[in-house]
Undergrad: 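Provided herewith is a single structure, encoded as structure tokens, for subsequent inquiry.
Each chain gets a letter, A, B and so on, in the order the sequences are listed, and its residues count up from 1.
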There are 4 protein chains.
Amino acid sequence: MTTATPKPAEDRQEDSSSPEPSDTVSAETRPRRRSPAKRNAAVTRQRILEVAMAEFAEHGFSGGRIDRISAAADVNVSMIYHYFSNKDDLYLAALEASYKIIRDREKTLDVADANPRQALKALVELTFDFLSTDSYFVRLIMNENLMMGRMVQQSATIPHMTRPLLDSLRTILKSGQKANVFRKNIDAENLYVSILGLCFIHVSNRYTLSSMFQHDFSEPEWLAKRRLVVVDVVTSYVANVKAK
Amino acid sequence: MTTATPKPAEDRQEDSSSPEPSDTVSAETRPRRRSPAKRNAAVTRQRILEVAMAEFAEHGFSGGRIDRISAAADVNVSMIYHYFSNKDDLYLAALEASYKIIRDREKTLDVADANPRQALKALVELTFDFLSTDSYFVRLIMNENLMMGRMVQQSATIPHMTRPLLDSLRTILKSGQKANVFRKNIDAENLYVSILGLCFIHVSNRYTLSSMFQHDFSEPEWLAKRRLVVVDVVTSYVANVKAK
Amino acid sequence: MTTATPKPAEDRQEDSSSPEPSDTVSAETRPRRRSPAKRNAAVTRQRILEVAMAEFAEHGFSGGRIDRISAAADVNVSMIYHYFSNKDDLYLAALEASYKIIRDREKTLDVADANPRQALKALVELTFDFLSTDSYFVRLIMNENLMMGRMVQQSATIPHMTRPLLDSLRTILKSGQKANVFRKNIDAENLYVSILGLCFIHVSNRYTLSSMFQHDFSEPEWLAKRRLVVVDVVTSYVANVKAK
Amino acid sequence: MTTATPKPAEDRQEDSSSPEPSDTVSAETRPRRRSPAKRNAAVTRQRILEVAMAEFAEHGFSGGRIDRISAAADVNVSMIYHYFSNKDDLYLAALEASYKIIRDREKTLDVADANPRQALKALVELTFDFLSTDSYFVRLIMNENLMMGRMVQQSATIPHMTRPLLDSLRTILKSGQKANVFRKNIDAENLYVSILGLCFIHVSNRYTLSSMFQHDFSEPEWLAKRRLVVVDVVTSYVANVKAK
DNA sequence: GATGAATGAGACTTCATTCAT
DNA sequence: TATGAATGAAGTCTCATTCAT
């Protein structure tokens, strides 16, 4: 699985062709360009955004530093303001971009035709992997909640992005119920909250849990076991069963 | 259920009479000062600490303001430095004091024998209610995790507090398995993490979830429904069943 | 009376056809460029200048914004620097251009012979109307004075423009004194200053006066009354009278 | 006549007694205090305010620099924010303080019993002297008007302060009319505006007028002549006369 | 023990200006 | 001639912290 960590835009080709071209003679008459040869607004904006996601995830909103972002993104501080107006807006953009990543990933799920049990399992595993692999998204969301949703409340896109997810889940549930493998009366929203809770807790509470149980909750082996349990919990819940 | 919020020091009397108690001579030579000077060191210190707990729980470490604390505690800013040296130390002191409150509260838990299904249900509901009723504890834990367990790692007492809980859970599981109502091979620690996750998520992520799904996740009616679901999820998972 | 506000360049044709006019050959060899490049240097420069006049009149020198000017003139910021080097120079250019407009306007005055009382009244009313109708001129003058005449001191043409006005006033006074309707020993310069002060104050101090007296000093009804008072004050002063 | 320039608080007694007291021996054990020995909130606040009046008068609001103010007032920048919250509020305080100075001065006039002609003359001369002696008040007001009264509109005290002035003027007018030396139907507000205009113009427009008429409008001799003219203009206007 | 006044570093933000094409 | 991207200095403001009494 690919990680969700902010990374440079794939389609960037820093000085791929221009510096030191074939014509070696003219190279001297032409002025020497400094490293980020071809600056481009969209690329720069994206670079700032990705760095900001990491910065705010690591230090929170008040702890996040514009200076650090500008240094890491290798741009002048003013560019941040040029593209994002102010710290609040930059933070919100980072938050929205993070949500977009997971929501986009969810769209890759094949919800319609598959075996519904398999589809649900895929959704759970995708969520688990996304949150566990890199904690930046989890930290960003924890931060936002500690701020009592000050910024998320101003976002129109975040509720909007949730729609398809809920739709997918409902489709899966309906198809499973039609096939008689899922029980009736499952609230899709509540189910999603359960999935999220099961996939979130060991990341969000990694340090306190590690301390409580005296072992590292980010160890791959432990995560692998946990992943099985989470899928088991969810599928047990939705399964159409009889008590023995 | 009573809340975990720090409360005024009225019902506490630690060293209320301690400073200079026995020395009868100096009591008369010392000039009697009228209020505001000499309020009583321990009491002032405690008041600052309690206000700091609330401040850091509400705003986190970088979001927490010394000024706000001094105003709320009704002391001069300098007093905070007099008693706690700096913001870092004050934060640590506040965190430790908070954990003490939580630990004390947990001692009231009584997860006795009863019917194992019933006992498990009681444990889940107790956890759910505890976390949902007052977000103070949840916010504190979130904060600590965002700070990467800076403080929790130094604590020897915190792992301790987990023991009894885990023991209770193991007792319940064993008894349920013996009665053939619970399936085998349930990892107690992992089960606890699941319970915690299911009970934690709508409190920790209250604001982002509210924004995503466009309704208030702290509404009593919603919480009541959620509580049923959580119990259902947990009991479905441990139940000894056959797929239909 | 028409306003003194800078207006779009439509009705102006300075050097509209000047660049390369006679050389008929080059017209065909030169490739025809489509917009936006090569808009026409003089026109662009003029547009910038006019916008700058309005900007500095409205916000003063330090309050004036290069960005706002570039946006309003619909040119890239760099163009401003291309044509005017820096903010200081642009301000000076704007000031000079403004004075030119004013000077041109004043040439339309016709303070001929007539009845001297009538002539004086006409001059006062013209001044009053000119200043009251559009505050552009007033604001510009205020600005220049706040900058301690930085620019006006360098201008040779400005003293010139005063001459005709002062001459008119002297002619009127002399004629009124000969007719025995004006008192002797009136200093023309001082009289002009008085007229200016009486006509200027409610425009220059419009906002502070409105605040002090709690009504709008730019209301037409109030201005009409004020106009009568100003004429009355001036004519009372110059009148040849006996105390009762 | 006393000047209106911001000056140190009269009742300040910088290190009047403490440094180097009589007891020469203890002088060495006692730590050396730096110059502004006894800092006092009210005094510091006042010092900041007075410096701010001068700064904003000289450079306007956007041109005014907090740094310069803090340096001139010999306080740390933060103190300015401690006492005045922000630049806007500081500016407004400076504006209000300036208005208070002239309004207080006006209150010293003996309006009731004197000869009404004399009383009016005194008011005119007071206004003239106040505005002419030091231009800081005039500049401050010009600035505010260039800002379109942005700050003055938020002041409740400024309209309030105007009341007594208007009352005084009405008292004088009524008394003069009763004594049959003033004509009827004089609007007090409009009269004040005229007085202000006559006393204001040569200060507000000092530089442009100097340039127009090619002599210095702040020369004492010229001001003395101008003062006579202004009184003459005002008294001519209110006088109860017959045309010759 | 307690207070009020003051400090300084560093945060966010703005704005005139320039660089490279 | 014209543009879009970028820069750096400096401005306003905040906040943890200390000084002097």
Undergrad: Would you kindly give the CE-to-P distance between D:M79 and F:dA16, to the nearest whole Å?
TA: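 After rounding, the reported distance stands at 17 Å.
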Undergrad: Does B:R65 make a side-chain N or O approach to OP1 or OP2 of F:dT14 shorter than 4.0 Å?
TA: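 It does not, given that no N or O in the side chain of B:R65 lies less than 4.0 Å from OP1 or OP2 of F:dT14.
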Undergrad: Using heavy-atom distances to pick each residue's nearest nucleotide on DNA chain F, tell me which of B:F61 and D:S62 is more 5'.
TA: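 This one resolves to D:S62.
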Undergrad: Can we say B:D74 and B:R47 salt-bridge, meaning some charged N sits less than 4.0 Å from an Asp/Glu carboxylate O?
TA: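 Salt bridge flag = no for B:R47 with B:D74.
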Undergrad: Whole-Å distance between E:dT13 P and D:D67 CG?
TA: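 In whole Å, E:dT13 P and D:D67 CG are 19 Å from each other.
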Undergrad: Tell me the interatomic distance from B:L90, atom CG, to F:dC15, atom C1', rounded to whole angstroms.
TA: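 These atoms are roughly 15 Å apart.
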Undergrad: I need the NZ-P distance between B:K87 and E:dA9, as an integer number of Å.
TA: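 To the nearest whole Å, that distance equals 19 Å.
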Undergrad: CD1 of A:I69 versus C1' of E:dG10: gap in Å, rounded?
TA: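 To the nearest whole Å, that distance equals 16 Å.
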Undergrad: Does F:dA9 have a Watson-Crick or wobble mate here (both distances under 3.5 Å), and if so which one?
TA: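 Pair assignment: F:dA9 / E:dT14.
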Undergrad: Is the backbone of A:M79 close enough, under 3.5 Å, to the side chain of A:N76 for a donor and an acceptor to pair up by distance?
TA: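 Not a single qualifying donor-acceptor pair exists.
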Undergrad: Could you identify the nucleotide paired to F:dT3, looking across every strand shown and requiring Watson-Crick or G-U wobble geometry with both distances under 3.5 Å?
TA: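 Paired with E:dA20.
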Undergrad: When you match A:Y81 and C:G64 each to their closest nucleotide on DNA chain E, which lands nearer the 5' end?
TA: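 The answer here is A:Y81.
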Undergrad: Between B:F56 and B:Y91, how do the two ring planes meet: parallel, tilted or perpendicular, split at 30° and 60°?
TA: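 Aromatic pair B:F56/B:Y91 classed perpendicular.
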Undergrad: In whole angstrom, what separates D:I80's CD1 from E:dA5's P?
TA: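 After rounding, the reported distance stands at 16 Å.
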Undergrad: Check every strand shown and say whether B:Y83 touches a base, only sugar-phosphate, or nothing at a heavy-atom separation below 4.0 Å.
TA: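 Contact class for B:Y83: sugar-phosphate only.
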Undergrad: Both B:S85 and D:S85 contact DNA chain F. Taking the nearest nucleotide for each, which residue is further toward the 5' end?
TA: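 Final value for this comparison: D:S85.
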Undergrad: Do D:S78 side-chain and F:dC13 base share a donor-acceptor contact under 3.5 Å?
TA: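 Side chain to base: no pair present.
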Undergrad: Taking 4.0 Å as the cut-off, does a side-chain nitrogen or oxygen of C:N76 come that near to OP1 or OP2 on F:dG4?
TA: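 Yes, within the criterion.
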Undergrad: What are the two closest non-hydrogen atoms of C:E144 and C:R150, and how far apart are they?
TA: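 For C:E144 versus C:R150, the nearest heavy atoms are OE2-N, 3.3 Å.
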Undergrad: What is the distance from CZ of D:F84 to C1' of F:dT12, rounded to the nearest Å?
TA: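 My rounded result for the distance is 16 Å.
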Undergrad: Evaluate side-chain contact (heavy atoms from CB on, under 4.5 Å) for A:R65 paired with A:H59, printing each intermediate quantity in order.
TA: CA-CA 8 Å; A:R65 292 288 172 262; A:H59 300 98; over 6 Å; no
Undergrad: Considering only heavy atoms and no angle criterion, is a donor-acceptor pair shorter than 3.5 Å present between the side chain of C:T44 and the base of F:dT1?
TA: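 Answer is no: no donor-acceptor pair is held.
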Undergrad: Could you check how far CD1 of A:I66 sits from P of F:dT14, rounded to whole Å?
TA: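 Taking atom P of F:dT14 as the reference, CD1 of A:I66 is at 16 Å.
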Undergrad: OP1, OP2 of E:dA2 versus side-chain N and O of B:H82: anything below 4.0 Å?
TA: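 So the side chain of B:H82 is outside the cut-off, no N or O lying under 4.0 Å from OP1 or OP2 of E:dA2.
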